[in-house]
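A quick write-up on the structure given underneath.
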Amino acid sequence: MTTEPSTKTATGRGLTTGTLVAGLLAVCLAQIGLAIPATLNGLFQSDLHPVGSQLTWISDAFLLPVAVLELTFGLLGDLFGRKRLLIGGASLLAAGELVSATASGIHQLWAGQALAGLGAAALFPTSLAILAAGTTSPAQRARVIAMWAALLSTGGFLAPLLGGITATYGSWRWSFVVVTAIAAASAAVSALFAVNSGAPAGRSLDVAGQLTIGLGLFSLLYAIIQGPTDGWASPSIIIAFALAAVFLAAFVLAEKRAKSPLLRLDLFRNRAFAVASVVAVVGMFAFLGTAYSVSIRLGPVQDQAPMRTALAFVLLNGITLVMLPLTERLLRTAAPGLLLGAGLLLIAAGDYWAATLPITDSAFTSLILPLGLVGLGFAITVTSITATAVNTVPMHLAGMASATTNLLRDFGFTLGPAIIGAVALSRAASNFSDSLHDSALPGALKGAGTAVLDEGGPLAVNGASTTSPKLADLHPLALDALGHGYSIGFVVCGSAALFSALLALITLRSRAAPHTDSTEH
């Protein structure tokens, strides 16, 4: 193929403008697809009437293939060329969003989101790897990473606005139609302008590794999500946790024996990379758990307008773009532990603040400062995690490092809705049952409330009591129980962020020297 001449830009002489635009558009698209479902939870609840854990599965149907397959797509990009994966990933995402837009029920929506997530799994690691491969110095790579992280957050910034506007003036289906159009544009830009790169030397497919990590992560997430619905002591949940442990242990053994492992475990001997990996999981769980709690609070619980949820997500994601010049400078000058620690402490502070807000407080102004702190913390943290991980490995391992970091970050994202949904709904169901039992409501109404709770969970009770006059007296009890449950969710997220902050501050005390490698791809 013909390679376009390099354009001298601040991002590096080896990185063409076309490749830069294609990579940044791809990660922005992937993040829009990831963030869209959470902004529409209230509309899904009122239109499709999901019960139990079905609402959580809408978000995690997208996130699960992302978490499971990112390592494989990072490898495929190294082997067969990253440009192909940018085109194919955007095309898959477009197809999945089109299936979602035409969904007649919850199961088709799951299928569409899973297909879109498959496309995003290709885009996240490939977009970063194709950009990093074109840089020629640590400073240039730091700028590209900062830009990549900013466009990642821009996707999270645009998704709620897109969801809010289309839901206000059309329906949630139009949100997926617009994402389909963006995906088609991304595929076209990559096909026309991106310059291919790869790193096939010494790499080959690792079937055993992919099977074991895929089955392990799926079993773990299934157990976490279905636990509140099926019961934590039920045989299916116990078996799922046991299978997760077995398959993840088998993955480690498979990688130790593989000639060309999906994941080089020796990467974790690098302290900065290992710590960034732990923080990527725990810290990003805290962030998306927060976002999920906010979306449920404003949507299904308080039944606020979609634009309210959109504005909340703007606070959570939009600050990263504004912070771009500062984060780029901090990446070059500040110790990684200080950056990660500071960002995570801000997330923790915002979460603990949000936990104190009563569920009866529907004023958006009450959320501005706590969500602003979380958004500011995320802006610092997401860029620092990526830079710490990628800058501390040789250039020829940038694809694997970026894929690993993306997998861990998005696995943390996947755990956010799963764990917070499980904790909040379990707590809310218990509180509602206790309050209903102790109340002076008529026996028939208590029986009706218990039946709705058993069938659809506390969110179903809250929705039914809002729309049915016969169940209206149940609404205060359901609202209070859900408020308490999701306050606990904020506390869990804040505690996770605090743990990650202390880990980063203690273990990454000095500035890590980036690895350089002149190998071209």
Side-chain angles (χ1 to χ4, degrees), residues 63 66-75 121 124-125 128-129 132 141 145 148-149 152 206 209-210 212-214 216-217 220-221 244 248-249 251-256 261-289 331 335-341 343-344 347 377-378 380-395 397-416 419 496-515:
L63 286 162
V66 171
V68 168
L69 294 171
E70 275 190 305
L71 278 179
T72 294
F73 279 118
L75 170 62
F124 278 123
L128 180 56
R141 200 191 303 185
I145 290 172
W148 181 89
L152 177 83
D206 177 14
Q210 182 56 68
T212 50
I213 194 172
L217 293 180
L220 178 61
L221 291 169
L248 291 176
F251 171 73
V252 174
L253 293 176
E255 297 311 278
K256 287 183 176 180
L262 191 65
L263 171 62
R264 283 181 52 169
L265 298 178
D266 58 352
L267 284 174
F268 294 95
R269 295 175 185 171
N270 180 318
R271 186 179 68 176
F273 185 87
V275 170
S277 298
V278 174
V279 171
V281 175
V282 182
M284 294 304 97
F285 152 73
F287 175 75
L288 204 68
L331 285 177
L338 181 60
L339 281 181
L340 285 174
L344 290 161
I347 293 176
F378 177 68
I380 298 171
T381 302
V382 70
T383 309
S384 304
I385 289 173
T386 306
T388 300
V390 176
N391 275 343
T392 53
V393 302
M395 186 62 194
L397 293 178
M400 179 177 285
S402 64
T404 304
T405 306
N406 277 289
L407 178 145
L408 294 169
R409 186 199 67 234
D410 290 319
F411 181 60
F413 281 162
T414 307
L415 289 176
I419 292 179
L498 181 60
F499 166 80
S500 299
L502 295 176
L503 178 64
L505 290 170
I506 292 170
T507 59
L508 298 176
R509 297 179 180 177
S510 60
R511 187 183 177 196
H515 282 255

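In this structure, Thr381 OG1 and Leu344 CG are separated by 4.0 Å, a value rounded to the nearest 0.5 Å. Once rounded to the nearest 0.5 Å, the distance linking CG of Leu152 with CG of Leu128 reads 10.0 Å. Atom CZ in Phe285 sits 12.0 Å away from atom CZ in Phe499 (nearest 0.5 Å).
When every heavy atom of Ala497 is checked against every heavy atom of Ile347, the shortest pair comes out as CB-CG2, 3.8 Å. In terms of heavy-atom proximity, Gly341 sits nearest to Ala504 at N-CB, 4.0 Å. Of all non-hydrogen atoms in Val66 and Ala121, the two that sit nearest each other are CA-CB, 3.7 Å. The two atoms that bring Ser500 and Gly283 nearest to each other are OG-N, 3.5 Å, heavy atoms only. The minimum heavy-atom distance linking Ala244 with Leu220 is given by the pair CB-N, 3.6 Å. The two residues Gly214 and Val68 have their closest heavy-atom pair at CA-CG1, 3.3 Å.
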side-chain contact (heavy atoms from CB on, under 4.5 Å) assessment of Ile213 paired with Glu255
CA-CA 10 Å; Ile213 194 172; Glu255 297 311 278; over 6 Å; no

In sequence, state the C-alpha distance, the side-chain angles, and the governing distance for Leu340 and Leu503, and then conclude on side-chain contact (heavy atoms from CB on, under 4.5 Å).
CA-CA 9 Å; Leu340 285 174; Leu503 178 64; over 6 Å; no

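Below 30°, between 30° and 60°, or above 60°: for Phe378 and Phe287 the angle between ring planes is below 30°, a parallel geometry.
Each of Leu221, Leu415, Leu288 was evaluated against Leu63; a single residue qualifies, Leu288, per the side chain to side chain contact (heavy atoms under 4.5 Å, CB included) test.
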